[in-house]
**Student:** 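Have a look at the structure that comes next, please.
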Amino acid sequence: MAPSKTTSPLPPATPSQPHYYTVLPPQPQDENYTILPYYYLANPRRNWYATIAISLILLAALLYVFWPSEPELKIERLHLAHFHVRMKPAICIDISLNVTLKVHNRDVYSVNYKSLDVSVGYRGRKLGHVKSNHGRVKALASSYIDAELQLKCVKVLSDVVYLLEDLARGTVPFDTITKVTGHLGLFFLEFPLEARVSCEVLINTTSQTIARQNCYPKG
């Protein structure tokens, strides 16, 4: 009889032992080192371009403020004080005009004018002119100048028909040219000044006021 084969039982599995790790102690900090925050280093060329741009803007603003300009001239009032037509010995007219001129200084400089000349014409023909004495206009201010223009027996034979028509209509157009000469000054700086303005003025003979006025600089 054959001997029976017997299988020896396997030894019982032993549970796996847990693995333990030893945490390494932190390294001691060296007091000689300090952690600094990170700073962004700007492009020096870009900063240089920005500085140049700001400087140019400031320079342009200063030139705009301090650059001298001509004063603004305006006929504020043109009053026809006296008007008379003479028939003998020849056809002529007597005119008396009261002119009020406004001079507005737009600069930071004061305006010292030596002379101010206002000439009055009718339909392109000069009738006469009046001059004013010297004066001064403060910076960024206005000044009013009064002048009287008296014309005796001005011959307007060629325009007498138009003049009578204008008087019957109640409005008379006049041409005025105003010229001012002097200088602009601020501290030790002085700039020569010469400005001219031409105006077309329509006078209402009934109310003795300006009905319409159109002015423009004249070179």
**Student:** Using 0.5 Å steps for rounding, measure from the NZ atom of K152 to the OG atom of S96.
**Tutor:** 7.5 Å
**Student:** Does R86 have any side chain to side chain contact (heavy atoms under 4.5 Å, CB included) partners at least two apart in sequence or in another chain, and if so, which?
**Tutor:** H84, C92, D94, C153
**Student:** Nearest 0.5 angstrom please: L101 CG to D146 CG, how far?
**Tutor:** 9.5 Å
**Student:** Given the rule that I, L, V, M, F, W and Y join up when any side-chain heavy atoms are under 4.5 Å apart, are Y162 and I203 in one cluster?
**Tutor:** yes
**Student:** With the side chain counted from C-beta on, respond yes when L116 and T178 share a heavy-atom pair under 4.5 Å apart, and no when they do not.
**Tutor:** yes
**Student:** Does any non-hydrogen side-chain atom of I95 lie less than 4.5 Å from one of L127?
**Tutor:** yes
**Student:** Any luck finding a side-chain donor-acceptor pair between T171 and N204 under 3.5 Å?
**Tutor:** no
**Student:** If you compare all heavy atoms of H129 against all heavy atoms of L149, which two are closest, and at what distance to 0.1 Å?
**Tutor:** O-CD1, 3.5 Å
**Student:** Less than 3.5 Å apart, any donor N or O on the side chain of S142 or H104 sitting next to an acceptor on the other?
**Tutor:** yes
**Student:** What's the separation between atom CD1 in I57 and atom CG in L62, rounded to the nearest 0.5 Å?
**Tutor:** 12.0 Å
**Student:** Ignoring hydrogens and geometry, is there a side-chain-to-backbone donor-acceptor pair from D175 to G124 under 3.5 Å?
**Tutor:** yes
**Student:** For residues S55 and L59, determine if any side-chain heavy atom of one lies less than 4.5 Å from a side-chain heavy atom of the other.
**Tutor:** no
**Student:** Quick one: are S115 and H134 in side-chain contact, heavy atoms under 4.5 Å?
**Tutor:** no
**Student:** Are L140 and R106 side-chain neighbours, meaning at least one heavy-atom pair lies under 4.5 Å?
**Tutor:** no
**Student:** How many angstroms lie between atom CG of L73 and atom CZ of R196, to the nearest 0.5 angstrom?
**Tutor:** 11.5 Å
**Student:** Counting only N and O atoms by type, is there a donor-acceptor contact under 3.5 Å from the side chain of Q213 to the main-chain atoms of I75?
**Tutor:** yes
**Student:** Would you check if S110 and V137 make a side-chain contact, meaning some heavy-atom pair closer than 4.5 Å?
**Tutor:** no
**Student:** Any non-hydrogen side-chain atom of I145 less than 4.5 Å from a side-chain atom of E76?
**Tutor:** no
**Student:** If you take all heavy atoms of N105 and A139, which pair is closest and at what distance?
**Tutor:** ND2-CA, 3.6 Å
**Student:** Enter the distance from R77:CZ to Y144:OH here, rounded to the nearest 0.5 Å.
**Tutor:** 13.0 Å
**Student:** Measuring from atom CZ of F174 to atom SG of C199, what distance do you get when rounded to the nearest 0.5 angstrom?
**Tutor:** 14.0 Å
**Student:** Looking only at heavy atoms, what is the nearest atom pair of C215 and V197, with distance?
**Tutor:** CB-CG2, 4.0 Å
**Student:** For R123, is the CZ atom crowded, meaning more than 12 foreign heavy atoms sit under 6.0 Å from it?
**Tutor:** yes
**Student:** With no hydrogens and no angle check, is any side-chain donor or acceptor of Y122 less than 3.5 Å from a backbone partner on L163?
**Tutor:** yes
**Student:** Tell me, do I93 and L151 make a side-chain contact under 4.5 Å, heavy atoms counted?
**Tutor:** no
**Student:** Taking all non-hydrogen atoms of both residues into account, name the closest pair between E148 and V130 and its distance.
**Tutor:** O-CG2, 3.3 Å
**Student:** Are V120 and L167 co-members of a hydrophobic cluster defined by side-chain heavy atoms under 4.5 Å apart?
**Tutor:** yes
